Amino acid sequence: MNQYSYSRELRLLTPADFQNVFNSPPVKAVSTQLTMLAKPNDRNYPRLGTTVSKKVAKKAVDRNRIKRIMRETFRLQQHKLSGFDIIVIAKPGVNDLDNQALSDLLNYLWRKLSKRCTQYSSES
RNA sequence: GGAGUUGGCCAAGACAAUCGCCGCUAGGUUGCGUUUACGUAACUUAGGGGAGGAAAGUCCGGGCUCCAUAGGGCAGAGUGCCAGGUAACGCCUGGGCGGCGUGAGCCGACGACUAGUGCAACAGAGAGCAAACCGCCGAUGGCCUUUAUUUUCGCAAGAGAAUAGAGGAUCAGGUAAGGGUGAAAGGGUGCGGUAAGAGCGCACCGCGCAACUGGUAACAGUUUGCGGCACGGUAAACUCCACUCGGAGCAAGACCAAAUAGGGAUCCAUGGGGCGGCCCGCCUCGGGUCCGGGUAGGUUGCUUGAGGCUAUGGGCGACUAUAGUCCUAGACGAAUGAUUGUCCACGACAGAACCCGGCUUAACGGCCAACUCCACAC
């Protein structure tokens, strides 16, 4: 079993999945350029959904780039996030970051989010 | 060698390692169906493939799908030199005409305002069956000055009249050659002509119409005849003429189909409740099975095509015929990526979404071929 795979189960696929997380996310991690929302999902693995609107990055090439880096960092950090559905929202300004800066920011936020998730799980 | 023109090709810079993503092919294990074969689902191993010349803008044209449709006309929209190519086009090729460039070449909505209607600011004297501001002329008819002759009145000085001539540029008038205005002022040059001028006349050039010749045609012609000769511009102004066009789009369309609610058929219970004094009857409530519609969701459409490459034949060419050969992304909250190292010319614009043919726009470069101009050398 591969530890760092990113297969179909690890994604949010339907509009219903997305709505569910958007409605009342108990855990958040926020920066100027990004917002992460998380909600428990009764599974023993995490799932990821990404949102990059045309407002944030006008060109399709840029939107793809941002999503790829989001997924890549998630892939490497997924074990700290088990049991949660997560949505990453890009906000104006992300497009100005280069790949290195964006990865650093994401990794910082993943650490923050995983800490809060653990805290949330032990509280409930 | 420098400058340039045209056509074609390449382009996430190349290679390696590690970790990943999406299809495909072949095999293995397990479960299920099953007569072994085989089929199917999950896991797994190996191999191989995985963005563009514009994938973009969505501006045209077609295929495909569903809906509509007897035939014809109107309206509306589009196209607009000619011929050809094509599935088709607003595209491409060749040709014509006009313009630009020393040239290779490039650019052009390029049908019709001698059918009709309309429009033209400002300037200007005048702008649509033209016009006289300056200037020129003032022949013709007046006016003024003056000379000569004749004549009338008067004693005379002188005054008047007629005729002829000269002058004035004064009035009427003539004049579109020149100046000036304008985007545009009603052919050009020369000679004659005239008062001055003017196609007023003539020659040449140009123009219009017709014929002839060449060309499929647009059109062309050192050709012939006729006409002194304007018919101005504008149709991305209405309009006229010729030709083309049904609508919606892969969220098209086809198939499978849970849960919940509701519909129909049938069986069970022949029961509970309501109307009623009771029976019949009517209404309502339950459980099981099946059926069709249909939502979430899934499958399909989905990549082999007006396809690429090579050869030969036809054609100036766009293109086309025949033969051989190749299979080259198919996702769907949406794959084609990340990190590290080495090297170099230090890497532009930019990401498939049913599929093709074009156009347009974006952009760092590299390579090849043909041709042009300039300079130099042999």
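In what follows, chains are A, B, ... by sequence order, proteins preceding strands, each numbered from 1. Quick caveat: nothing in here was measured; it's all calculated off a predicted structure.
- Glycosidic conformation at B:G199 (O4'-C1'-N9-C4 for purines, O4'-C1'-N1-C2 for pyrimidines): syn, within 90° of 0.
- Checked against A:Met36 for a side chain to side chain contact (heavy atoms under 4.5 Å, CB included), the options A:Val27, A:Ile87, A:Leu106 give a single hit: A:Leu106.
- Base orientation for B:U303: syn, the chi torsion being within 90° of 0.
- Within the 4.0 Å cut-off from OP1 or OP2 of B:A334, at least one side-chain nitrogen or oxygen of A:Arg71 is found.
- Comparing the P positions of B:G62 and B:U79 gives a spacing of 14 Å, expressed to the nearest Å.
- Within the nucleic acid shown, A:Thr51 comes within 4.0 Å of at least one base atom, counting heavy atoms only.
- The same atom, C1', is picked in B:A236 and in B:U336; the two are 47 Å apart, to the nearest Å.
- A gap of 49 Å separates the C1' atoms of B:A352 and B:U35, to the nearest Å.
- Annotated as anti: B:U45, whose O4'-C1'-N torsion sits more than 90° from 0.
- Using the Watson-Crick or G-U wobble rule with both distances under 3.5 Å, B:U65 pairs with B:A248.
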**Request:** Would you check, one step at a time, whether the test side-chain contact (heavy atoms from CB on, under 4.5 Å) holds for A:Lys67 with A:Val88?
**Result:** CA-CA 9 Å; A:Lys67 283 182 172 179; A:Val88 182; over 6 Å; no
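- Taking a pair to require two hydrogen-bonding distances under 3.5 Å in either a Watson-Crick or a G-U wobble arrangement, B:A88 remains unpaired.
- Counting atom types as modelled, A:Arg65 pairs no side-chain N or O with a base atom of B:G351 as donor and acceptor under 3.5 Å.
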**Request:** Kindly determine whether A:Asp85 and A:Lys39 satisfy salt bridge (charged side-chain N to carboxylate O under 4.0 Å, His left out), including the steps that lead there.
**Result:** CA-CA 5 Å; A:Asp85 282 349; A:Lys39 194 174 189 180; over 6 Å; no
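- Spacing between B:A353 and B:G330 at atom C1', rounded to whole Å, works out to 9 Å.
- Position along RNA chain B of the nearest nucleotide to A:Ala60 versus A:Ile69 favours A:Ile69 as the more 5'-ward residue.
- On the P atoms, B:C238 is 36 Å away from B:G7, given to the nearest whole Å.
- Between B:A306 and B:G358, the distance separating the two P atoms is 13 Å to the nearest Å.
- Of the nucleotides present, B:A3 is the one that pairs with B:U372 by Watson-Crick or G-U wobble criteria, both distances under 3.5 Å.
- Rounded to the nearest Å, the gap between the C1' atom of B:A121 and that of B:A127 is 13 Å.
- Distance check on atom P: B:G187 versus B:U181 gives 22 Å, rounded to whole Å.
- Within the 4.5 Å cutoff, the side chain of A:Arg68 has no heavy atoms near those of the A:Arg65 side chain.
- Glycosidic conformation of B:G23: syn, with the torsion inside 90° of 0.
- Distance CG/A:Leu34 to CG/A:Leu109: 6.0 Å, rounded to 0.5 Å.
- One can place CD of A:Glu72 at 13 Å from C1' of B:U336, the figure rounded to the nearest angstrom.
- Nearest heavy atom pair, residue A:Leu102 against residue A:Val94, reads CD1-CG1, 3.6 Å.
- With a glycosidic angle more than 90° from 0, B:A217 adopts the anti conformation.
- Relative to the side chain of A:Asn64, the nucleotides B:A350, B:C19, B:A51 differ in distance, and B:A51 lies closest.
- Rounded to whole Å, the distance from CG on A:Asp85 to C1' on B:G333 is 13 Å.
- Across all strands shown, B:C209 forms a Watson-Crick or G-U wobble pair, both distances under 3.5 Å, with B:G225.
- The base-pairing partner of B:A183, taking Watson-Crick or G-U wobble contacts with both distances under 3.5 Å, does not exist among the strands shown.
- Residue A:Arg68 is the one, among A:Lys59 and A:Arg68, whose nearest nucleotide of RNA chain B lies closer to the 5' end (criterion: closest heavy atom).
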